[in-house]
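Structure, as structure tokens:
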Amino acid sequence: MIGRRAATLEVLTPLLSFIGLGLPAGAIGVAWPYMRVSLEAPLSGLGIVIAGWTAAYFVVSTATGALSTRVRTPVLLMAACATAGAGTLGFAVASNLVVLAAASLLVGVGSGLIDATVNAQVSLTRGVRFMGWLHASWAVGAALGPPVVVGSLRATGSWRGAFLAMAILFAGVGVLVGWPRGVVPAEAPGLQSAGQKATSNRRRLLILLVGVFLLGSGIEGATGDWSFTHLTSGRSLSANTAGLSLSLFWISLAAGRMGLGMLGHRLDANRLLDVCLSTVLIGTLSFWLAPPLVSAFIALPLLGLSVSVIFPLLLSLTPVRLGRGMTAHAVGYQLAAGTLGAGGFPAVIGVFLQVFGLRLLGPILTVLAIALLMLHGLSRRVTP
């Protein structure tokens with residue numbers, strides 16, 4: 001009975017940690033109008049919060065591989081949960097923008113550690129199906145973020161309760177990680193290896209995979225951030241129609257990861273990755289060239305479905321393609337690139353759209369999809 005309970009907790013703990021990662025990401029945009037009024041912050045203050053969060057996330061993700069060789073996995077995860085919990089608690093009690101910005105650094109540090117460590121752990125100890133459920137859990141957390149804020153506003157008249165609940169969740173996950181019977185293995189095979197010789201081919205492959213993460217996250221982030229504006233102001237669809245289309249994009253992204261969780265063991269991961277990356281190009285071309293309603297209700301959901309499984313597949317294949325000893329380092333670099341792409345590409349693309357017009361979004365996404373497919377093709381030719 002105790003063994004079964006421990007096994008259940010061992011499955012649930014990573015999933016709960018990724019729901020926790022998704023919650024603040026989905027909540028901050030909805031909460032900000034109320035936060036800025038309470039804190040007397042400028043509208044642009046959200047950019048400061050997100051910039052600090054992203055920068056900390058990037059730095060820590062890059063360093064996680066080195067940390068994992070010096071610190072046992074459960075200790076690293078407990079520290080990560082404590083840091084993320086302290087950051088979200090800081091959000092809940094912040095009295096001004098300076099405190100909020102400092103708290104965002106803690107959220108970024110904790111989230112980056114959880115993301116890289118759990119992904120490396122799962123890629124080494126579990127199959128592609130669990131990786132699919134893991135990333136679907138993040139999407140579930142992001143989807144729950146807005147209603148948690150709305151629920152807090154209705155129940156207490158304040159947004160602060162939402163972030164307090166997130167802090168409690170992170171604390172709870174930290175307790176589960178430190179459970180006496182070992183919810184998380186003390187040392188996943190290969191995760192804390194002192195190192196595996198990085199041959200020139202492995203280094204070349206890692207660079208290509210980092211590029212795939214950078215471009216893939218850029219396409220996902222830019223589509224999510226700019227498609228609504230493109231469809232309304234650029235292609236004259238109503239706000240309700242464009243909003244429904246964007247919802248379908250995120251639903252498709254979550255559904256693709258859930259599908260990977262249910263059926264991933266029946267499919268060859270490399271072949272599925274080939275198909276999905278090719279479909280990304282089809283989706284971006286359709287979004288660009290098809291009539292507005294087709295772009296909104298066929299191309300955009302297709303794009304969400306195709307990008308949904310890229311990261312879970314790449315992460316689950318990392319031990320096979322780069323070796324178990326390099327996995328922790330490689331996962332950290334890949335996730336850092338993903339963070340940079342998700343934040344950087346939408347910002348740069350926004351400048352181009354401002355100068356050249358919103359109709360340029362389709363061509364830009366298509367060029368990125370072509371580059372993504374080329375990098376993937378090159379990576380498939382490299383023998384570790």
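Hydrogens, waters and symmetry mates are skipped; everything else that's a heavy atom, side chains included, is used. Worth saying up front: this structure is predicted, and the values here are computed from it rather than measured.
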When you measure from the side chain of Ser316 to the backbone of Leu313, do you find a donor-acceptor pair of N or O atoms at a distance under 3.5 Å? yes
Can you give me the closest heavy-atom contact between Leu16 and Leu169, atom names plus distance? O-CD2, 4.4 Å
Show me the pairs that pass side chain to side chain donor-acceptor pair (under 3.5 Å) and involve residues 148-169, at least two apart or across chains. Ser38-Trp159
Side chains of residues 97-110: which donor-acceptor pairs under 3.5 Å do they make with residues two or more places apart or in other chains?
from, atom 1, to, atom 2, distance (Å)
Ser104, OG, Val49, O, 3.4
Ser104, OG, Ala101, O, 2.5

Residues clustered with Leu164, ILVMFWY side-chain links under 4.5 angstrom: Leu89, Val93, Ile168
Any ring pair (Phe, Tyr, Trp, His ring centres under 6.0 Å) pairs touching residues 34-72, not counting sequence neighbours? none
Which atom of Leu358 lies closest to which atom of Gly234, heavy atoms considered: CD1-N, 3.8 Å
Using distance only, find each side-chain donor-acceptor pair of residues 130-137 under 3.5 Å and give its atom names and separation, not counting sequence neighbours.
from, atom 1, to, atom 2, distance (Å)
Trp133, NE1, Gly261, O, 3.0
His135, NE2, Asn119, OD1, 2.9
Ser137, OG, Trp133, O, 2.8

Indicate yes or no for a side-chain donor-acceptor contact from Ser295 to the backbone of Phe287 under 3.5 Å, with no hydrogens or angles considered. yes
Mind checking side-chain contact (heavy atoms from CB on, under 4.5 Å) for Ile251 and listing every partner two or more places apart, or none if nothing turns up? none
Which residues, ordered by chain and number, are linked to Ile282 in its hydrophobic cluster, where ILVMFWY side chains connect at heavy-atom gaps below 4.5 Å, directly or through other members? Leu302
Is there a donor-acceptor contact under 3.5 Å from the side chain of Thr54 to the main chain of Ala51? no
Can you check whether Thr229's main-chain N or O pairs, donor with acceptor, with Thr232's side chain at less than 3.5 Å? yes
Considering residues at least two apart in sequence or located in another chain, which fulfil the side-chain contact (heavy atoms from CB on, under 4.5 Å) criterion with Ile370? Leu281, Thr366, Met374
Can you sort out the partners of Pro147 under side-chain contact (heavy atoms from CB on, under 4.5 Å), two or more places apart, ordered by chain and number? none
Here the pair of heavy atoms bringing Ser17 nearest to Val118 is OG-CG2, 4.0 Å
Scan for side chain to side chain donor-acceptor pair (under 3.5 Å) pairs involving residues 74-95, sequence neighbours excluded, and state none if there are none. none
Inter- and intrachain pairs under side chain to side chain donor-acceptor pair (under 3.5 Å), touching residues 237-260, at least two apart: Ser238-Thr241
With sequence neighbours left out, what residues match Ser379 under side-chain contact (heavy atoms from CB on, under 4.5 Å)? Leu205, Leu208, Leu209, Arg321, His376
